[in-house]
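Computation of the quantities below employed the complete heavy-atom set of this structure, encompassing side-chain atoms and omitting hydrogens, waters and symmetry-equivalent molecules. For the single chain, residues carry numbers from 1 onward in sequence order.
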Amino acid sequence: ILTFENTPPGNDLKIYLEAGNRFLQREGLYIAPRPDFGLYAYSPTFAMLVSLLTFLPYKVVWILDALLHIIIYWAIYWRWFTIFRQQGLASVAEVLVRLFPLWIIFTGLLYEIAYMNIYIFMAFVATLLIEAMLYRQTGKAILWLAILLPIKPQWAFALGIPFLLGQWR
């Protein structure tokens with residue numbers, strides 16, 4: 001379905017799309033690591049979702065993914081600015097604004113775009129989860145966890161935080 005001829009060097013996006021191909025072909029998802037040590041380590045649900053992208057040319061998927069990385073990087077920054085202001089930490093929010101140029105230069109944005117992994121997406125959904133938990137928005141928290149858990153089941157630890165703090169019963 002999907003070919004990788006004349007594509008950029010190995011990255012996680014290729015690993016995800018290869019797993020999506022294997023999902024559609026009903027092949028094993030968890031195969032031995034590739035020569036570049038690339039390994040699919042996510043749930044079958046994630047492979048099923050990514051398989052929808054295998055019908056598009058790789059370069060189109062790569063460009064869309066790069067644009068999404070940039071947009072989500074900005075969205076994370078904006079959400080934390082908003083969270084700080086709503087929590088009465090206006091001075092922290094202002095520092096965040098002043099440091100924005102440094103944040104772009106010294107964070108992993110370029111690495112994220114080159115490597116195309118899903119960490120930035122996970123960080124965005126985790127930010128939304130934290131925000132929902134801060135404001136005791138149970139429905140939203142469940143929604144964000146429902147998105148996180150098929151991709152990274154170990155994030156289930158977040159379910160216990162409100163219970164440990166005695167906020168949700």
What I'd like to find out is whether the side chain of [X] reaches to under 4.5 Å of the side chain of [Y], using heavy atoms alone.
X	Y	value
T54	F23	no
K140	Y135	no
L29	P44	yes
L129	I147	no
F84	V95	no
Y16	L53	no
F121	F124	no
E131	W144	no

Over all heavy atoms of both residues, which pair between [X] and [Y] is shortest? Give the atoms and the distance, please.
X	Y	answer
A47	A19	CB-O, 4.1 Å
R22	G28	NE-O, 3.0 Å
A141	A132	N-CB, 3.6 Å

Practice prompt. State which residues pass side chain to side chain donor-acceptor pair (under 3.5 Å) with E27; sequence neighbours excluded, sorted by chain then number.
Written response: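 So E27 forms no side chain to side chain donor-acceptor pair (under 3.5 Å) with any residue.
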
Do the side chains of [X] and [Y] join up, straight or via other hydrophobic residues, at under 4.5 Å, putting them in one cluster?
X	Y	value
L52	V60	no
I130	L143	yes
V125	L67	yes
Y73	W78	yes
L64	L13	no

Could you measure the distance from the [atom1] atom of [X] to the [atom2] atom of [Y]? Nearest 0.5 Å is fine.
X	Y	atom1	atom2	answer
L128	L145	CG	CG	11.5 Å
D65	I118	CG	CD1	10.5 Å
E18	S51	CD	OG	14.0 Å
W80	R85	CH2	CZ	16.0 Å

Discussion item. Please identify which of these residues, L17, T45, I15, meets the side-chain contact (heavy atoms from CB on, under 4.5 Å) condition with V50.
Written reply: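 For V50, the side-chain contact (heavy atoms from CB on, under 4.5 Å) check succeeds only for L17.
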
